Each structure stands twice: as C-alpha cells, then as structure tokens.
2 protein chains.
Amino acid sequence: MGAMTEAAIDNRDTRERILDAAEAVFMACGYDGASLRQITGEAEVNLAAGHYHFGSKEALFQAVLNRRLHVLNQERLRVLDEMEAKAGGAPLKPSQILDAFFGTLLRMAIAHGDRGQTFLRLIGRTLTEPAEFIRTVLSKEFADVLERYKAALFRALPEVPKEEIVWRFHFMLGATSYAIAGTDTLRLVTDWQTGAIDDDLERLLPRLMSFLLGGLRAPLPAAASPNPQPRGNGRTRRKKP
Amino acid sequence: MGAMTEAAIDNRDTRERILDAAEAVFMACGYDGASLRQITGEAEVNLAAGHYHFGSKEALFQAVLNRRLHVLNQERLRVLDEMEAKAGGAPLKPSQILDAFFGTLLRMAIAHGDRGQTFLRLIGRTLTEPAEFIRTVLSKEFADVLERYKAALFRALPEVPKEEIVWRFHFMLGATSYAIAGTDTLRLVTDWQTGAIDDDLERLLPRLMSFLLGGLRAPLPAAASPNPQPRGNGRTRRKKP
DNA sequence: GCAGGATTCAAACGATCGTTTGAATCATAC
DNA sequence: GTATGATTCAAACGATCGTTTGAATCCTGC
C-alpha cells in the first residue's frame, strides 16, 4: 500500500482540499447521501485522488472527523486538567465543567470561522448517523473525554445519583448537537430571517450554557422508585412467551 | 395508475406490512441508507409492491412518517386545547405545556409497545436528516403544532423574551430527539447493559421533564446586549443555585 | 361461470455508486 | 539526463440503487 517516503510537500494541498470539500459535502448530505464524485468535483481533483490519499470512503469520513475532533477532545481534556489542578483537589463547579466541555467546542468553532461552523454542524449531524462504523469511530474518539467529564460531574454533584447525571449529560449532548446541527432545523420552529447564524453563534454559548445548567441542576424527578408504578395506561410490557 | 375503487380490504395487509418494515429499516439505516429491496424483503412482499402502493421511495417515507406523526400532532393540539379550555383564559403553567408536548409523545409511544418505540427512534433520527424533501415534510407537519405551542409558552412566560423561548424550545427538541433516537447513542456515553430500554422508557418521561423544565426556567443569560462583548465570558450570576 | 379491475410477480432498465486499473505526468536524487 | 517513486488522470469495472414493464394471478360483482 502507501509507501510514503519523505516527499510530501505538495500532496498536503490535494489532501486538505479533499478534506475541506468532504467536510462540506458530508455536512450537507450526510454520509450515505454524499458521493465521492461530488466531493472530488467540489475539490477540483480527480475522482481517484480520494482513494489514493485515503483508501476508501469510510476512511475519508474518518479522516474528516478526526482532523478536528481529535484536537477538540485533546483541548477538552487539557482544559479540564488545568481546572482541576487549579482547584487543588476540590470538586469543580458544574458551570465550570459544562463550560470546559461545551464552551471549548463553541469557542474553537468560532475561532475557525466558516470552516469551524461547518465542522460544528457536521459533528451535530454525525452524532445521529446510524451507520455502524461511524458509531464505532465516535465511541472510540469520545471514550476518554466522556469518562473524564462524567467523573468530574459525579464529584461536582455528589448528592445526585450517577444514573441521573449520565442521563442529563445525554440530554445536554442532544440539546447541543441539535442546536449546532444547523439553521435548517431551527427554521422548522421559527420563521426568522435565515442566514445570520454567524452573529448568533457568539450569542449561542451563553444561551446554551444557561439552559444546560438549568437542566443539569433541576430538581430530581419525583419517583425514582425501583418499582415503576403502572401508569394510567397500564400496558403490559412483557415479552410474549 | 392507482384507480382506487372501494375494493380495499386485503391491500391493507400488504400496505401495512410494507409500512411496518419500512419504519424499522428507515429507523435502523436512515433514509439514504435504506433500500427498497431491504424493506420489501423484510416485509416479504415483492419489490415492485412498494412502488405499486406508494409510487416512490420518497412517498413511502412520507407515508411512514405521517401515519403516526399526524395523529400524534393532532393529539398534541387536542390536549393543548383541552388544557386551555380548562384554564379558562389564564395562562398555562410551563410544566403543563411541556407535558402536553413531550409527554403526549412518550405516552403514545409507550402505548404502542415495540412499534411505538421504533417510531420514536425514527422520529428522533428523522429530525436531523439532511435530505431536503424530508425537511419540507417535517416543516409542514409541524407548522401548526409548533405555532400553537410557541404561543402557549409566550403566554406562560411573559417575562422571558420570545427569542429566548424559541431557542429553549429548540434546545428541548434537541434533548428529546437525541434521547429517543435510541440506545446506540446512549451507549456512547455509558457502558451500561444494552437493550433494557423497555424498562427505561417509562422512567424516561419524568427524567426528561425535570431536565426540560429546569432548562426552560433557567435564569436568562447575562448579556443579551445588541453589542456582543468581545467574549467576556459573561457568566450569569443572577440566581443562587 | 366469466369479465375486469386490483394486485402480485419475475425480469429487466438506466443511472449512479465505490472502487480499480494502467498509463501519463510530475518531482526528486544520482 | 535518466532512473525512481509519488501523484494525477481518463476510463472502466462490478454492484446496487430506484424505477418500470408486461404478463400472471387474485379477487369481486354480476
């Protein structure tokens, strides 16, 4: 296969042009909906260049994802480490943890301009992609980060059952993922002017943080009883024998 | 083409079998990832039956969606009407509105057993589908309901800017959509036993409602100033936790 | 029974997909 | 300048997709 020598000066041009185009097309069409011809066409490179540089469509998607996701999650870990070191053994505040996780995401996206926004929306949509290899890539890439942040939240909220914290982390991921997935979905609930999300992106972080913090610290649901009462609609949920 | 007379007794069998299979396959693979051969194969009907009964893949997807989504949204409107009639002109409580919207969704899904759960996950994933015709279908199907519920929330929270309510509605939709989209995504954040979401589905509603209510009623973000500060990280400090 | 429309079926169509091939082009090292 | 390996290119491959076709089969009304 690729017998890479040290002569790699110009190929970064083609490689990155493919990555940029793929990022945009995958974001707009989803993994299955995007075609290599569309991607290489938009990148103005030959169709075979995609396979030459990446090997397959799956590998290309993985490369698009990891190019920015890996540095994002490294930064997330670094910020959390720094916070915990500064706290000196004391638990962090929930607002700090959420800002380290979601704030780092949004600030990195803002710092990268249009490209960062495209990647934001790609991430938001990728988290709901059904293809199995995508789920595998995501779970590997997020494993460390989620484990560390979960632990931080457990320490920050010792009175809240861990199960509940995991659920609420899940809800927060969903709210964020959905919010950054793009204006198209937002246009579904409102009739505002389109575009102009550039201005809103900076305003999104405080909005989102308030919402997430409110949800995370909400009073616990009434009955976490281990015996769930059969609600008004007492439908049997046994499997047929 | 379809010159439907009144002889439609048996075709409901084939039609519904296709709809059920399509619901499952679309849920598992997404719109682009699902193939008519897979659907008709799982339904044990001929490949051409799909086109005979529905005309096209897009129309089939739309039929799958509307079959349950339409009655869901009708029920949502009915429940809201009933609440407002009972309140007699007074604004509803936010918790009532959220329960009417999200509770109706989950309760209907629970009442329909496994099929309801499949549709729940299909809805959760469909809300993030990039295909344009899907977005068109969704926006038409949700237009009335979202308008009515937005108005109800405006009246319930007169002190909160409408813009903020719309954003938080958006966040709530995302959290819910993500939570019901399936265990696969949840397995990303936790290592729990798979399956067993059957038991959790009934517990999901109180959990979700607590989180959503907490987020909806959270203190407003600090500066909604028309002049966005150069990222002063304006941390809201209005209420004590 | 039979006529006629509704439905099913096997087979194929054209298009598009991801991928491969093999030669042409480029850049570098001797 | 020539050899060598990296990169590009046009063209095709086989597979799969959504869709169409036309005949076979089923069902119903008379």
Side-chain angles (χ1 to χ4, degrees), chain A residues 1-23 25-26 28-65 129-134 137, chain B residues 1-23 25-26 28-65 129-134 137:
Chain A
M1 291 287 190
M4 278 248 193
T5 70
E6 298 309 318
I9 27 178
D10 178 83
N11 70 347
R12 245 188 55 200
D13 200 32
T14 299
R15 265 184 69 100
E16 287 224 347
R17 219 155 47 176
I18 294 178
L19 284 175
D20 286 340
E23 191 171 65
V25 176
F26 280 137
C29 308
Y31 176 76
D32 284 311
S35 78
L36 286 178
R37 285 170 175 81
Q38 193 177 352
I39 291 171
T40 54
E42 192 149 315
E44 299 182 55
V45 302
N46 190 273
L47 167 62
H51 288 90
Y52 177 77
H53 286 282
F54 299 97
S56 70
K57 186 184 179 185
E58 290 196 0
L60 171 61
F61 187 83
Q62 187 166 345
V64 169
L65 224 57
E129 282 274 3
E132 193 165 317
F133 92 93
I134 297 182
V137 171
Chain B
M1 288 286 197
M4 278 248 192
T5 69
E6 299 306 321
I9 27 178
D10 177 83
N11 70 347
R12 245 187 52 199
D13 199 32
T14 299
R15 266 184 68 99
E16 287 224 346
R17 218 153 50 173
I18 294 178
L19 285 174
D20 287 339
E23 192 171 63
V25 175
F26 280 137
C29 309
Y31 176 76
D32 284 312
S35 79
L36 286 178
R37 285 169 175 80
Q38 192 177 354
I39 292 172
T40 54
E42 194 149 314
E44 300 181 54
V45 302
N46 190 273
L47 167 62
H51 288 88
Y52 176 77
H53 285 283
F54 299 97
S56 70
K57 186 184 180 184
E58 290 196 1
L60 171 60
F61 187 83
Q62 187 166 345
V64 169
L65 225 55
E129 282 274 4
E132 192 165 317
F133 92 93
I134 295 182
V137 171

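So that the names make sense, note that chain A is the first sequence line, chain B the second, and so on, each numbered from 1. All figures in this text were calculated on a predicted structure; none of them were measured in a lab.
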For atom [atom1] of [X] and atom [atom2] of [N], their distance in whole Å:
X       : N      : atom1 : atom2 : result
A:Asp32 : D:dG18 : CG    : P     : 11 Å
A:Arg15 : D:dT7  : CZ    : P     : 10 Å
B:His51 : D:dG18 : NE2   : C1'   : 5 Å
A:Tyr52 : C:dA24 : OH    : C1'   : 14 Å
B:Glu16 : C:dT7  : CD    : P     : 14 Å
B:Leu47 : D:dT21 : CG    : P     : 15 Å
B:Phe54 : C:dT7  : CZ    : C1'   : 14 Å

Nearest 0.5 Å, what's the [atom1]-[atom2] distance between [X] and [Y]?
X       : Y       : atom1 : atom2 : value
A:Phe26 : A:Leu65 : CZ    : CG    : 9.5 Å
A:Ile18 : A:His53 : CD1   : NE2   : 5.5 Å
A:Lys57 : A:Asp32 : NZ    : CG    : 6.0 Å
A:Asp20 : A:Arg15 : CG    : CZ    : 12.0 Å

### Task
Show your reasoning for whether side-chain contact (heavy atoms from CB on, under 4.5 Å) applies to B:Phe54 and B:Leu19.
CA-CA 10 Å; B:Phe54 299 97; B:Leu19 285 174; 3.7 Å; yes
### Query
Any donor and acceptor pair, going by atom type alone, linking the side chain of A:Glu129 with main-chain N or O of A:Tyr31 inside 3.5 Å?
yes
### Query
Of the nucleotides D:dC9, C:dT19, C:dA6, which has the atom closest to the A:Ala48 side chain?
D:dC9
### Summary
Among the nucleotides D:dT7, D:dA11, C:dT8, whichever has the atom closest to the side chain of B:His53 is C:dT8
Under 3.5 Å, which donor-acceptor pairs do the side chains of residues 34-49 of chain B form with other protein atoms, sequence neighbours left out?
from: B:Ser35; atom 1: OG; to: B:Gln38; atom 2: N; distance (Å): 3.1
from: B:Thr40; atom 1: OG1; to: B:Leu36; atom 2: O; distance (Å): 2.7
from: B:Thr40; atom 1: OG1; to: B:Arg37; atom 2: O; distance (Å): 3.4
from: B:Asn46; atom 1: OD1; to: B:Ala48; atom 2: N; distance (Å): 2.9

### Query
Which ones in residues 55-65 of chain B lie close to DNA chain C, meaning a heavy atom under 4.0 Å from one of its atoms?
none
### Query
Can you name the nearest heavy-atom pair linking A:Pro130 to B:Gly30, along with the distance?
CG-N, 3.8 Å
### Query
Between B:Ala59 and B:Ser56, which heavy-atom pair has the shortest distance, and what is it?
N-OG, 3.1 Å
### Message
Under 4.0 Å from OP1 or OP2 of C:dT7: is there any side-chain N or O of B:Asn46 that close?
### Response
no
### Query
Under a 4.0 Å heavy-atom cut-off, which of residues 33-45 of chain B touch DNA chain D?
B:Ala34, B:Ser35, B:Leu36, B:Arg37
